[in-house]
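Written below as structure tokens is the structure these notes are about.
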Amino acid sequence: MFHSVIEARLRLAVAAVVPTANLTVVQVRPATESRFGEFQSNSLMSIARSLGINPRQLAADIVARLELGDICAPVEIAGPGFLNFRLLPAALVGLVTDALAGQHLFFEPTARSKSIVIDFSSPNVAKPMHVGHIRSTGIGDALQRLWRLLGHRVVTDNHIGDWGTQFGKLLVGWKTLLDRVALEADPIAEMERLYREVNTRCDADPLCLDVARRELVLLQAGDPENLSIWQEMIRLSQVQFDTIYGRLGVRFDVVLGESFYNSELAGVVGSLLSAGVARESEGAVAVFSDGKLAPKEDPFLIHKEGEWVDIPALIRKSDGGFNYMTTDLATLVHRLKTWNPDEIIYVVDDRQSAHFKSLFLVFERWQPEAANGVILRHIGFGKILGDDGKPFKTRSGDTVKLGDLLNEAEERTLKVVAEKRPDLSLSEQKEIARVVGIGAVKWQDLLPNRQSDYVFSWDKMLALQGNTAPYLQYQYTRASKVVRDAGDRDADQGVVLTEAAELALVRHLMNFGFTLQAAAEECRPNYLCNYLYELASHFSRFYEACPVLKVEEPARSSRIGLCELAARVLKLGLNTLGIEVTDRM
RNA sequence: GCGCGGGUAGCUCAAUUGGAUAGAGCGUCGGUCUCCGAAGCCGAAGGUUGUGGGUUCAAUUCCCGCCCCGCGCACCA
């Protein structure tokens, strides 16, 4: 790709002129405006600054050493020291020709493949998946697709909540209140009912709480009856997970729930104690501040009533039970041992950022060498809000179940499809409604910057105009329709790029790879969303301005080719976000 | 109180992490189908980027103060 060629050669030139320069800061990026050419570099100005020399003079010296005559017009030095790169028309034509010949699709796999574990979704056993799971699931799935597309080795791991204190109450409910018929009809709803009923009883009756605790202890001790009930609850929940993930097109390489690590937890605590990282406190075992960080940076300290006091991370409760910190440490160790990854990515709600900060620090203190060899990243995200600016709920104030949400998305879309396309059969309409409805939910979720909250709106996500999944999917159908109607393209006619709309489309296609890489590295799927929306707009303008099937050769074949490439990039890009396309809608 | 996010057009959000004249969508107003799919396209209006300083060729972005909003702050995850 031209981007990496230009960047590599620019680095060579910089190294020749300034041998001491840090070459990683030398970066080339797509030009912000077409009048600046195809690519630009702003890096020389900061290098000049750190060297205390005139940036334009430095730029002139470097440009004199720069060998790009085979692909670029003479490099322009603009303003205080920008470099502007304009591709030769033949280079652009060559790039498109190669793409049409199947040699690339405007991106290239990484030269340095990493292995990455991605932890996302993490639903709980015996509870319905709800709207809160969209974000982790959608963002996590998009990220794993992105990293894989670029040639990295990815392991996706669904860390299911299949262990914990809630099972005491669930067991009591199962043994005393279970309605077999209801369980048969809707197992999740029945288990949810059991939990709620026991929970309210326990709030009023301490005796009930005691019973629940006893059931939990029995479960943890391996009591056969409780164990088999627990396994049945997991099995029933897994059916729900599989249904939802099937509809979302999400799959995991491994599903290792919290319970998988039970046998490791005592060892983790023992190891942390003997390493001197943890100590006993008020009957519990906890990790305290080691005083090496400034109080403000230290997650194990908190400012209260005028002084800094300890807020240790608990790894064993005073009753002997373990916390999720302990489980997360055991999980981390297991992942390192099993996959030896370069990076582990946790796609979890931003509200848990303090937990991950603590987790990573505890691990560093516990196993410094291992921690040194892996990058641990908490990829957080904001909440989904309703129209009222408060967390998104149903009218009656309940959490919105994910299955219901997907149903509604499909139903609402079906109404639109039935109205717009009465000529299609019902089954075709339903298939379109499925693809568009699910796509709309995902797009709305992936489009905003992940760390900010966003407002959930049926009307906005299903709107047929504007920055929505239906708009992109529609542009895809237009492009692919032309390609279908065109029959075989005459490759011998060559690629001709004369119209402004053609050039704008090609320039944008060319930036696909740059965008994929940025989106993956920053773990920001919205970069790809923005890119694809712009691509769809560029295509639409091109389609409006340039007749395809009705124009003389060689423009005809050339433009069919552009439609084909736009369609392929749109489809691949959307698929990388976990969104499907249809040929008709 | 302390920490972490956030505050950008009437509304909902971007801004490739310090770049060139801060961009989209919705809404408003206007134009555009005898012509490859109008679920489209074109145009107009709309901004002191919460606020006050600072750093520099350049600040929505980095630093400091202040004002609002959300979230978190040992034995739930």
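By convention in this document, chain letters (A, B, ...) are assigned in the order of the sequence lines, proteins followed by strands, and residues within each chain are numbered from 1. Scope of the values below: all heavy atoms of this structure, side chains included, with no hydrogens, waters or symmetry mates.
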> How would you list all residue pairs meeting side chain to side chain donor-acceptor pair (under 3.5 Å) that involve residues 509-518 of chain A, not counting sequence neighbours?
Replying inline: A/Gln517-A/Glu521

>> Without decimals, in angstroms, what is the distance between A/Asn526 CG and B/G25 P?
In response: 17 Å

>> For Watson-Crick and G-U wobble pairs within 3.5 Å on both distances, what is RNA chain B written in dot-bracket notation, | included for inter-strand pairing?
In response: (((((((..((((.....[...)))).(((((.......))))).....(((((..]....))))))))))))....

> Can A/Phe36 be called stacked on B/A20 when the rule is centres closer than 5.5 Å and an angle between planes below 30°?
Replying inline: yes

>> Just the rounded figure in Å: distance from P of B/C13 to CG of A/Asn467.
In response: 13 Å

>> Can you list everything that forms a salt bridge (charged side-chain N to carboxylate O under 4.0 Å, His left out) with A/Glu264? Sequence neighbours excluded, please.
In response: none

> Taking the same atom, C1', in B/A24 and in B/C41, what whole-Å distance lies between them?
Replying inline: 16 Å

>> Tell me if a side-chain donor or acceptor on A/His508 pairs with a main-chain N or O of A/Leu505 at a distance below 3.5 Å.
In response: no

> What is the ring orientation for A/His3 with A/Phe514, classed by angle as parallel under 30°, tilted 30 to 60°, or perpendicular over 60°?
Replying inline: perpendicular

> NA contact type, A/Glu522, heavy-atom cut-off 4.0 Å: base, sugar-phosphate, or nothing?
Replying inline: base

> If you measure from the C1' atom in B/A39 to the same atom in B/C33, how many Å do you get, rounded?
Replying inline: 14 Å

> Who pairs with A/Phe120 by ring-ring contact (aromatic ring centres under 6.0 Å, His included), at least two apart in sequence or on another chain?
Replying inline: A/Phe252

> Do A/Arg524 side-chain and B/U17 base share a donor-acceptor contact under 3.5 Å?
Replying inline: yes

>> The criterion is side-chain contact (heavy atoms from CB on, under 4.5 Å); which residues satisfy it with A/Arg484, sequence neighbours excluded?
In response: A/Ser480, A/Lys481, A/Asp583, A/Arg584

>> Generate the contact string for nucleotides 27-40 of chain B. Rules: B means base contact, S means sugar-phosphate contact only, - means no protein heavy atom under 4.0 Å.
In response: --------SBBSBB

>> Taking B/A59 as the reference, what is the distance to B/C63 when you measure between their P atoms (whole Å, please)?
In response: 16 Å

> Tell me, which pairs form a ring-ring contact (aromatic ring centres under 6.0 Å, His included) where one or both residues lie in residues 281-303 of chain A, sequence neighbours left out?
Replying inline: A/His303-A/Trp308

> Where does the angle between the aromatic ring planes of A/Phe456 and A/Trp458 fall among parallel (under 30°), tilted (30 to 60°) and perpendicular (over 60°)?
Replying inline: perpendicular

> CG of A/Asn530 versus P of B/A24: gap in Å, rounded?
Replying inline: 12 Å

> Just how far, in rounded Å, is C1' of B/C11 from OH of A/Tyr454?
Replying inline: 18 Å

> Quantified in whole Å, what is the C1' atom distance between nucleotide B/G43 and nucleotide B/G6?
Replying inline: 35 Å

> Tell me: CG of A/Leu505 to C1' of B/C41, nearest whole Å?
Replying inline: 15 Å

>> Counting the atoms with a prime plus P, OP1 and OP2 as sugar-phosphate, which does A/Arg559 contact under 4.0 Å by heavy atoms, base, sugar-phosphate, or nothing?
In response: nothing

> Does B/A22 fall in syn (glycosidic angle within 90° of 0) or anti?
Replying inline: anti

>> Counting primed atoms plus P, OP1 and OP2 as sugar-phosphate and everything else as base, spell out the protein contacts along nucleotides 58-77 of chain B at 4.0 Å heavy-atom distance: B, S or - for each nucleotide, 5' to 3'.
In response: B-----------SS-BBBSB

>> Both A/Asn42 and A/Thr468 contact RNA chain B. Taking the nearest nucleotide for each, which residue is further toward the 5' end?
In response: A/Asn42

> How should the glycosidic conformation of B/U16 be described, syn or anti, under the criterion that syn lies within 90° of 0?
Replying inline: anti

> What interatomic distance, in whole Å, is found between C1' of B/A44 and the corresponding atom of B/G5?
Replying inline: 37 Å

> Which pairs count as side chain to side chain donor-acceptor pair (under 3.5 Å) when at least one residue sits in residues 317-326 of chain A, sequence neighbours excluded?
Replying inline: A/Tyr324-A/His355

> In chain order, what residues pass the salt bridge (charged side-chain N to carboxylate O under 4.0 Å, His left out) check against A/Asp490, with sequence neighbours excluded?
Replying inline: none

> Can a side chain N or O of A/Ser457 be found less than 4.0 Å away from OP1 or OP2 on B/C11?
Replying inline: no

>> Syn or anti for B/C26? Use the chi torsion, O4'-C1'-N9-C4 for purines and O4'-C1'-N1-C2 for pyrimidines, with syn inside 90° of 0.
In response: anti

> Whole Å only: how far is the OH atom of A/Tyr533 from the C1' atom of B/U16?
Replying inline: 18 Å

> Are more than 12 heavy atoms from other residues, nucleotides or ligands located less than 6.0 Å from atom NZ of A/Lys357?
Replying inline: yes

> Which whole number of Å gives the distance between the C1' atom of B/G53 and that of B/G10?
Replying inline: 31 Å

> In chain order, what residues pass the salt bridge (charged side-chain N to carboxylate O under 4.0 Å, His left out) check against A/Asp459, with sequence neighbours excluded?
Replying inline: none

> Base, sugar-phosphate alone, or nothing: which one does A/Ala78 contact when heavy atoms must sit under 4.0 Å apart?
Replying inline: base

>> For the P atoms, the ones on B/U17 and on B/C73, what distance do you get once it is rounded to whole angstrom?
In response: 35 Å

> Rounded to the nearest Å, what distance is computed from the CG atom of residue A/Leu293 to the P atom of nucleotide B/C4?
Replying inline: 13 Å

>> A/Tyr533 and ring-ring contact (aromatic ring centres under 6.0 Å, His included): which single residue from A/Phe539, A/Tyr527, A/Tyr471 fits?
In response: A/Tyr471

>> If the condition is salt bridge (charged side-chain N to carboxylate O under 4.0 Å, His left out), which residues does A/Arg524 pass it with, not counting sequence neighbours?
In response: none

>> Work out how far the P atom of B/U48 is from that of B/G3, and round it to whole angstrom.
In response: 32 Å

> Just checking A/Thr32: base, sugar-phosphate only, or nothing, at a heavy-atom cut-off of under 4.0 Å?
Replying inline: base

>> Judged by each residue's nearest nucleotide on RNA chain B, which is more toward the 5′ side, A/Pro448 or A/Ala463?
In response: A/Pro448

> What is the distance from CG of A/Leu528 to C1' of B/A15, rounded to the nearest Å?
Replying inline: 16 Å

> Between B/A20, B/C2, B/G25, which nucleotide gets closest to the side-chain atoms of A/Trp308?
Replying inline: B/C2

